[in-house]
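Encoded as structure tokens, the structure appears first; notes follow it.
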Amino acid sequence: MTPDELGQAVLDAVRAAVADGALSDVPVPAKVVVERPKNREHGDYATNIALQLAKAVGKPPREVAAAIAERLRVSDGIAKVDVAGPGFLNITLTADSLGGVAKAIVEADETYGVGTVLAGQNLNLEFVSANPTGPVHIGAVRWAAVGDALARLLQAAGATVTREYYFNDAGSQIERFARTLREVANGRPVPEDGYSGEYIDEIATNVVAANPGLLELPTDEQTAIFHRDGVELMFAEIRSSLEGFGVHFDVYFNERELHDTHMLDAALKRLTDQGNTYEADGATWLRTTTFGDDKDRVIVRGTGEWTYFAADCAYYLNKRERGFDKAVIMPGADHHGYIGRLRAMVTCFGDNPDETLEILIGQLVNLLKDGEPLRMSKRAGNVVLLADLVEAIGADAARYALARYSSDQTIDLDLDLWSRQTNDNPVYYVQYAHARTRRIKANAETFGIGLDEFSAELLDQPADAALLTALSEFPRVVATAAEFRAPHRVAHYLESLAGVYHRWYDTKECRVTPQGDDEVSAGNRTRAWLNEATHVVLANGLRLLGVSAPERM
RNA sequence: GCCCCCGUAGCUCAGUGGAUAGAGCAGCCGCCUUCUAAGCGGUUGGUCGCUGGUUCGAUCCCAGCCGGGGGCACCA
């Protein structure tokens with residue numbers, strides 16, 4: 001019996017109690033969620049449904065709980081129902097009923113955990129979107145890890161997800177980047193507002209090599225070529241480093257495309273048609289204050305140039321026209337001030353931002369070196385790159401470390417600590433648990449134990465029940481993490497599951513292979529399924545985070 | 001000044017209304033002739049920043065305050 005099925009059984013008991021008058025005719029909830037109690041003495045599962053219904057029923061919670069318990073006890077697969085504390089129902093399943101979960105998980109394999117809570121939603125998930133003026137640095141790497149994990153989660157929850165990277169290849173920072181390349185290539189110092197770093201020299205050298213005679217051209221023509229080829233080389237490097245990190249984007253969208261296809265004009269026209277623009281001080285403004293923004297925003301500057309915000313407007317419209325129900329974007333922590341104007345802009349287009357726009361603001365990653373904060377500045381060349389991070393701690397640890405914290409939390413990443421590769425890093429704990437499932441499987445095979453005989457009622461040890469209930473929780477963890485846009489919940493769940501599994505492994509009564517001269521028992525054979533089910537869940541969970549599930553460690 | 005995030009064990013963090021607030025690391029005491037000790041058991045350690053409010057019930061929701069971090073361009 002799965003938690004969902006148990007929830008349904010509890011619901012049936014509530015309905016029965018209402019039907020026969022034990023509970024007054026209260027609105028019965030559509031769904032009852034049972035949870036895995038922290039304390040094993042509280043049964044396999046618990047629910048606070050009686051506490052929730054007590055007020056409407058007009059009876060003390062324990063009395064309501066007793067009425068439900070009485071009707072739940074007679075359900076199939078229920079071993080025990082206790083009323084506890086203020087009115088909790090603590091439920092213990094029969095070994096037979098609970099054990100069936102193991103076989104179901106093994107049979108579901110990679111689809112175990114896949115659900116439908118977000119089915120039918122077509123989402124555009126935009127993340128990273130770092131400017132092509134330098135390599136991917138540590139701040140952006142966080143969003144690569146979190147965004148990719150979130151994309152996997154949303155898909156597991158049934159949504160259709162397009163991963164998108166927005167390249168700002170049309171603004172003044174790109175102009176500075178091009179000028180920097182040109183100056184450096186000509187042996188002159190980096191301009192005051194330019195970019196520094198080894199990559200600048202490399203790219204400048206490569207552009208010159210690819211364009212013989214480049215440095216003989218007039219300055220303007222040089223700049224144009226450095227612009228064109230430099231950005232292209234930077235694009236390529238960013239793309240390949242992200243792919244190397246296991247982060248794949250379905251669409252790399254260039255801001256330039258918005259200009260080239262006149263999307264900005266179309267967006268401006270739409271906004272003007274809606275009556276939300278005006279002219280002032282020689283510029284064209286969007287009246288975002290009407291919809292809650294602090295101040296109105298310029299769309300066309302006095303010089304006649306588009307602002308970056310104008311491109312944002314066009315880009316949003318473009319996403320909608322490509323058929324996405326919702327644009328989900330993950331800007332950096334320093335962009336939270338954009339929420340107001342983006343929501344207002346969406347409203348200016350006539351959409352409801354609560355439905356078509358979702359902005360996931362996360363916090364910074366701070367780097368510590370020798371316990372001292374390391375300030376990062378791309379222009380000063382003082383950056384830690386994706387490649388550096390991977391080299392220091394490995395891609396698995398990096399992805400896990402960056403995805404395991406709530407996005408609301410500022411991360412202090414101590415380079416010394418992480419480069420030591422001690423088991424301060426919980427990814428080892430989880431990966432070790434997975435590797436252990438594979439070794440046990442291999443050992444079992446030498447005893448001729450495969451996945452054949454399965455007798456659920458033999459999974460009768462407390463450690464079996466603890467592992468089974470932990471495994472059964474996975475689908476709801478996935479659904480909840482997807483709904484809350486919180487991949488870190490998966491990581492914490494896996495750590496918890498790994499702990500339960502390690503304890504199960506250490507339980508003599510729960511061995512997969514026989515001890516000493518013992519014969520292979522039905523219990524051994526059945527527990528091979530439980531071991532395999534644990535492998536399935538750990539592997540599926542790690543896959544959601546983009547972390548490998550090693551065969552051995 | 002305005003806005004966003006954070007404040008929970010020595011450290012890093014989970015926990016978005018319920019039962020004695022959890023985990024990892026660090027510390028201390030134990031456990032390897034039997035499926036990997038990158039593991040397990042035990043133990044030490046917390047006025048959930050403060051003050052009010054809502055509630056049968058608040059770490060969680062609301063208000064104010066105090067700390068820490070980050071943002072507030074006709075830059076991108």
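Note on naming: letters A, B, ... go to the chains in the order of the sequence lines (proteins, then strands), and numbering restarts at 1 for each one.
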I would like to know whether A:Glu192 and A:Arg176 meet salt bridge (charged side-chain N to carboxylate O under 4.0 Å, His left out); could you show each step before the answer?
-> CA-CA 10 Å; A:Glu192 190 124 323; A:Arg176 290 213 302 265; over 6 Å; no

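For A:Asp334, taking side-chain heavy atoms from C-beta onward, the closest of the listed nucleotides B:C40, B:A38, B:G71 is B:G71. Each of B:C74, B:C40, B:C35 was ranked by its minimum atom distance to the side chain of A:Arg301; first place goes to B:C74. Taking every side-chain heavy atom of A:Ala84 into account, B:A19 is the closest of B:A19, B:C75, B:A37. Checking B:A14, B:A19, B:C40 against every side-chain atom of A:His42, the shortest atom distance belongs to B:A19. Candidate nucleotides B:C75, B:C40, B:C35 were compared by shortest atom distance to the side chain of A:Tyr429, and B:C40 ranks first.
Looking at heavy-atom distances under 4.0 Å, A:Arg552 makes contact with a base. Contacts of A:Asn39 with the nucleic acid, taken as non-hydrogen atoms under 4.0 Å apart, include base atoms. Among the protein residues, A:Lys508 comes within range of no part of the nucleic acid, since none of its heavy atoms lies under 4.0 Å from any strand. Here A:His335 lies in heavy-atom contact (under 4.0 Å) with a base.
Residue A:Tyr505 places at least one side-chain N or O closer than 4.0 Å to OP1 or OP2 of B:A37. A sub-4.0 Å separation between OP1 or OP2 of B:C56 and a side-chain N or O of A:Lys59 is absent. The side chain of A:Arg503 places an N or O atom within less than 4.0 Å of a non-bridging phosphate oxygen (OP1 or OP2) of B:G41. Within the 4.0 Å cut-off from OP1 or OP2 of B:C56, at least one side-chain nitrogen or oxygen of A:Lys55 is found.
Annotation: of the two residues near RNA chain B, A:Pro86 and A:Glu495, the 5′-most nearest-nucleotide partner is A:Pro86. Place A:Tyr308 and A:Ala433 on RNA chain B by their nearest nucleotides, and A:Ala433 ends up nearer the 5' end.
Every side-chain contact (heavy atoms from CB on, under 4.5 Å) that A:Pro331 has, sequence neighbours left out, goes to A:Ile329, A:His335, A:Ile359, A:Ile361. Applying the ring pair (Phe, Tyr, Trp, His ring centres under 6.0 Å) criterion to A:Phe235, with sequence neighbours excluded, gives A:Phe167. Under the side chain to side chain donor-acceptor pair (under 3.5 Å) criterion, A:Ser172 pairs with no residue at all, not counting sequence neighbours. By the side chain to side chain donor-acceptor pair (under 3.5 Å) test, A:Asn254 pairs with no residue at all, sequence neighbours left out.
Once rounded to the nearest 0.5 Å, the distance linking CD of A:Gln431 with OH of A:Tyr400 reads 9.0 Å.
Between the side-chain ring of A:Phe88 and the base of B:A19, a stacking contact exists by the 5.5 Å and 30° definition.
Syn is the glycosidic conformation of B:C32, whose angle stays within 90° of 0.
No hydrogens or angles considered: nothing links the side chains of A:Thr507 and A:Glu509 as a donor-acceptor pair under 3.5 Å.
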Counting primed atoms, P, OP1 and OP2 as sugar-phosphate and everything else as base, the B/S/- map of nucleotides 1-13 of chain B against protein heavy atoms under 4.0 Å is --BBSS-----SS

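Ring planes of A:His434 and A:His535: tilted class, angle from 30 to 60°. Relative ring orientation between A:Tyr252 and A:Tyr165 is described as tilted, the plane-to-plane angle lying within the 30° to 60° band.
Taking the P atom of each, B:U47 and B:C66 are spaced 24 Å apart, rounded to whole Å. The separation of B:G7 from B:U12, taken at their C1' atoms, amounts to 14 Å, rounded to a whole angstrom. As rounded to the nearest Å, B:G46 and B:G22 have C1' atoms that lie 11 Å from one another.
The backbone N or O of A:Thr133 sits nowhere less than 3.5 Å from a side-chain atom of A:Asn131 that would complete a donor-acceptor pair.
For RNA chain B, the neighbouring residues in residues 435-450 of chain A, judged by any heavy atom under 4.0 Å, are A:Ala435, A:Arg436, A:Arg439, A:Ile440, A:Asn443.
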